[in-house]
Amino acid sequence: QVRLVESGGGSVQAGGSLRLSCVAFGYRHSRYCMGWFRQAPGKEREGVAGIHSDGTTNYVDSVKGRFTISRDNAKDTLYLQMNSLKPEDTAMYFCAYQPIYCSSGDSLRRPIYNYWGQGTQVTVSS
């Protein structure tokens, strides 16, 4: 059973930075897909950044050039470095995991994931 625990959220002013972390417990798959999603009040949960076990990454257009997804296999940890934050980035951020191959496009698709963390809140003020 895989368990995901996010941390690193907080409140920052526009233009600031945050780094989210997601520790994955219980996973031992050599092939997997992981992603960061966010959900603002009243909106659908959307894929923000995804990464496959081969290192392939993908980003939603609104965060390209500002956010970077990475992983540290030795620490079983997924990261999301968020720079130049905007008020519209305000949301609850979730990490997700699935032990499958995924294309770069699939890594941002919510239906492929069965394992989710509890979320960490990011608030960006203007």
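Only this structure's heavy atoms are used, side chains among them; waters, hydrogens and symmetry mates stay out.
In this structure, R110 and E46 have side chains that are not in contact, with every pair of non-hydrogen atoms separated by 4.5 Å or more. Looking at heavy atoms from C-beta onward, H52 lies in side-chain contact with R31 at the 4.5 angstrom threshold. The shortest distance between side-chain heavy atoms of Q13 and L85 does not fall below 4.5 Å. For the pair I69 and Y59, the minimum side-chain heavy-atom distance is below 4.5 Å. A heavy-atom distance below 4.5 Å is found between the side chains of P99 and Y115.
Of all heavy-atom pairs between S17 and S84, the closest is OG-N, 4.3 Å. N114 and Q98 get closest at one heavy-atom pair: N-OE1, 2.7 Å. Q121 and M92 get closest at one heavy-atom pair: N-SD, 3.5 Å. Contact between N58 and G105 at its shortest, heavy atoms only, is ND2-CA, 3.7 Å. The minimum heavy-atom distance linking S126 with A14 is given by the pair CA-CB, 4.3 Å. Across all non-hydrogen atoms, the minimal contact from A49 to L80 is CB-CD1, 4.0 Å.
To the nearest 0.5 Å, the span separating OG on S53 from CG on N73 amounts to 9.0 Å. Between the CG atom of D89 and the OG1 atom of T123 there is a distance of 11.0 Å, given to the nearest 0.5 Å. To the nearest 0.5 Å, atom OG of residue S107 and atom CD1 of residue I112 are 6.5 Å apart. Note that the NZ atom of K75 and the OG atom of S21 stand 9.0 Å from one another [nearest 0.5 Å].
Under the side-chain contact (heavy atoms from CB on, under 4.5 Å) test applied with R38, the options T90, V63, V122 reduce to a single match, V63. Each of F37, F94, Y97 was scored for a ring-ring contact (aromatic ring centres under 6.0 Å, His included) with Y113, with one residue passing: F37.
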**Request:** Go through D61 and K64 one step at a time and tell me if the salt bridge (charged side-chain N to carboxylate O under 4.0 Å, His left out) criterion holds.
**Result:** CA-CA 5 Å; D61 286 345; K64 285 181 179 177; 3.0 Å; yes

**Asked** Going through the distances and angles, do V12 and S125 end up as a side-chain contact (heavy atoms from CB on, under 4.5 Å)?
**Response** CA-CA 6 Å; V12 296; S125 58; over 6 Å; no

**Message:** Using side-chain hydrogen bond (donor to acceptor under 3.5 Å, both in side chains), reason through D72 and T77 one step at a time and then give a plain yes or no.
**Reply:** CA-CA 5 Å; D72 184 332; T77 301; over 6 Å; no

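By the 30° and 60° cut-offs, the orientation of the rings of Y93 relative to F67 is tilted.
A salt bridge links R109 with D106: the distance from a Lys NZ or Arg NE/NH1/NH2 to an Asp or Glu carboxylate oxygen falls below 4.0 Å. Between D76 and R71, no side-chain nitrogen of the basic residue sits less than 4.0 Å from a carboxylate oxygen of the acidic one, so the salt-bridge criterion is not met.
With E6 contributing its side chain and T120 its backbone, the two residues share no donor-acceptor pair below 3.5 Å. One N or O on the side chain of W36 and one on the backbone of Y79 form a donor-acceptor pair closer than 3.5 Å.
Hydrophobic cluster membership is shared by V60 and M82, with clusters built from Ile, Leu, Val, Met, Phe, Trp and Tyr side chains linked at under 4.5 angstrom. A single hydrophobic cluster is not seen to contain both L108 and L78; linkage of ILVMFWY side chains at heavy-atom distances under 4.5 Å, directly or through other members, places them apart.
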